[in-house]
Amino acid sequence: MEISKAIKYVGVDDHKIDLFEGQFVVPNGMAYNSYVILDEKIAVMDSVDAAFGKEWLANIKAVLGSKKPDYLVVQHMEMDHSANILAFTKEFPEAKIVSSKMAFVMMKSYFETDFAEKQVVVGEGSKLELGSHVLNFITAPNVHWPEVIMTYESTEKVLFAADGFGKFGANDVEDPEGWACEARRYYFGIVGKFGDFVQAVLKKAAALDIKTICSLHGPVLSENIGYYVNLYDIWSSYGVESEGTMIAYTSVYGNTKQVVEKLAEMLKAKGCKKVVVADLAREDLHECIEDAFRYGKLILASTTYCGGVFPKMREFIENLTERNYQKRTVAFVENGSWGPQAAKTMAALFAESKDIKFAENKVTVKISMKEDTLAQLEKLADEMK
Ligand code: FEO
């Protein structure tokens with residue numbers, strides 16, 4: 001993968017990984033991207049996961065031949081990018097390390113050295129001239145760690161965006177769903193809580209003429225940059241990306257599921273543009289989270305359980321609220337054999353959330369769907385269509 005004559009890809013694809021960051025399923029593997037910029041001075045942009053140190057160093061050497069790098073730019077200290085910094089310094093002892101002040105503090109914890117004699121500390125507005133290429137540094141705190149910097153190479157107009165614009169999936173596996181699907185799951189899973197910080201970086205990026213985005217994960221983005229930036233703007237401002245209603249449910253014996261299927265049918269019949277139904281006990285949690293953020297309306301349907309709500313529903317709501325879920329209409333469907341409590345419990349889980357509108361109608365089911373359930377569903381479908 002060649003970005004330009006001077007900028008080469010030296011990253012790796014991981015097909016052995018089972019869970020990225022210990023929790024995200026990655027059926028198409030994962031890419032840890034790294035790049036080399038060749039000029040009078042040579043910079044390597046970021047490292048890769050611990051398991052791929054040898055492959056990464058071999059990739060660098062294959063690009064450099066007999067030349068040696070002058071700099072390793074460390075944009076982000078999460079282990080999938082920082083694990084091989086020490087190995088790099090052993091292989092290329094003359095090279096300097098370019099990073100934020102905070103990243104060097106982290107390096108001390110990781111490696112018991114902060115590479116004092118090699119440090120080039122950069123912050124907002126710092127520049128590093130490589131020759132005809134110039135690296136312009138942008139701080140990007142909490143996207144999604146506090147030490148993160150991004151780098152704009154102003155000659156070729158390339159934004160090295162750290163984790164920004166990343167996606168799940170190895171680069172040697174074609175993703176038939178395109179960039180957005182796994183980029184959205186990645187964004188809301190990993191960065192979703194930090195929307196305000198992403199907005200701050202997007203404001204800085206708006207002043208730049210960007211021709212190419214080089215993320216630390218996923219493909220190099222070089223066409224229609226506005227498409228990606230616009231989606232990041234929607235996601236980070238908690239805007240509604242697609243019209244429609246999501247119904248997320250849990251069901252123990254199938255009765256709540258039957259109610260949900262009826263509700264989905266009614267929503268469609270009443271003209272709802274898109275109805276997405278998710279069984280929280282069986283579907284990937286992070287697929288469900290991305291859909292909750294994608295659509296503007298969310299109906300939560302759950303069994304009452306231990307005087308509260310079914311555990312998978314509690315986990316789902318907590319995953320939404322800890323990611324600052326907001327600007328949405330939320331409705332509840334509860335089921336209970338003798339004392340339904342699920343709706344009250346679900347609403348209480350949003351107590352700290354801002355800008356959530358609760359639907360006026362709720363549906364209470366006693367064990368299974370009956371005539372009165374249908375009447376309640378009609379009212380809710382009218383409100384949430
Ligand atoms: Fe890809 Fe936050 O590390």
Side-chain angles (χ1 to χ4, degrees), residues 1 9-35 44-53 55-56 59 72-88 97 99-100 102-107 109-111 137-151 159-171 173 175 179 182-198 200-202 213-221 228 232 235-236 286 289-290 319 322-323:
M1 190 157 47
Y9 183 81
V10 290
V12 298
D13 282 320
D14 183 352
H15 291 291
K16 290 200 174 132
I17 187 170
D18 59 344
L19 293 175
F20 181 66
E21 292 188 2
Q23 61 171 325
F24 301 98
V25 295
V26 279
N28 291 331
M30 200 66 201
Y32 314 114
N33 295 339
S34 171
Y35 309 88
V44 177
M45 304 298 294
D46 293 291
S47 159
V48 299
D49 184 82
F52 297 88
E55 187 179 335
W56 174 61
N59 289 349
L72 172 64
V73 178
V74 177
Q75 299 187 107
H76 179 25
M77 280 300 293
E78 194 161 5
M79 290 73 166
D80 50 336
H81 312 293
S82 65
N84 287 295
I85 293 173
L86 193 61
F88 179 91
I97 300 176
S99 198
S100 65
M102 190 168 195
F104 284 114
V105 174
M106 291 179 170
M107 284 180 217
S109 309
Y110 283 41
F111 306 116
F137 298 99
I138 301 160
T139 56
N142 296 329
V143 183
H144 60 110
W145 277 22
E147 85 295 358
V148 172
I149 53 170
M150 296 183 184
T151 309
L159 179 67
F160 295 91
D163 275 338
F165 302 94
K167 75 185 276 289
F168 296 123
N171 287 331
V173 178
D175 188 343
W179 176 84
E182 285 292 67
R184 189 189 299 105
R185 187 166 70 94
Y186 177 95
Y187 177 85
F188 285 111
I190 294 169
V191 191
K193 179 183 177 70
F194 305 106
D196 292 347
F197 294 95
V198 178
V201 173
L202 288 178
I213 296 176
C214 291
S215 173
L216 289 176
H217 300 289
V220 171
L221 308 173
Y228 307 104
Y232 252 58
W235 297 344
S236 58
H286 301 102
I289 290 169
E290 70 160 283
N319 268 274
E322 74 185 7
R323 288 169 172 77

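Because only heavy atoms are used, hydrogens play no part in the values below, and waters and symmetry mates are left out as well, while side chains stay in. We're numbering straight along the sequence, starting at 1. Counting starts at 1 for both ligands and their atoms, following the listed order.
The backbone N or O of Ser215 lies less than 3.5 Å from no partner atom in the side chain of Asp163, so there is not a single donor-acceptor pair. The closest donor-acceptor contact from the side chain of Ser47 to the backbone of His81 lies under 3.5 Å.
The only member of Asp14, Asp80, Asp46 that meets side-chain hydrogen bond (donor to acceptor under 3.5 Å, both in side chains) when paired with Tyr32 is Asp14.
The aromatic rings of Phe20 and His217 stand perpendicular to each other, their planes meeting at an angle above 60°, with 30° marking the opposite boundary.
At least one N, O or S atom of Asp80, from either the backbone or the side chain, sits less than 2.8 Å from atom 1 (Fe) of ligand 1.
Our summary of the site lists the angle at atom 1 (Fe) of ligand 1 between NE2 of His217 and NE2 of His81 as 90°, to the nearest 10 degrees. Taking atom 2 (Fe) of ligand 1 as the apex, the angle formed with OE1 of Glu78 and NE2 of His76 is 100°, to the nearest 10 degrees.
Asp163 contributes OD1 as its N, O or S atom closest to atom 1 (Fe) of ligand 1.
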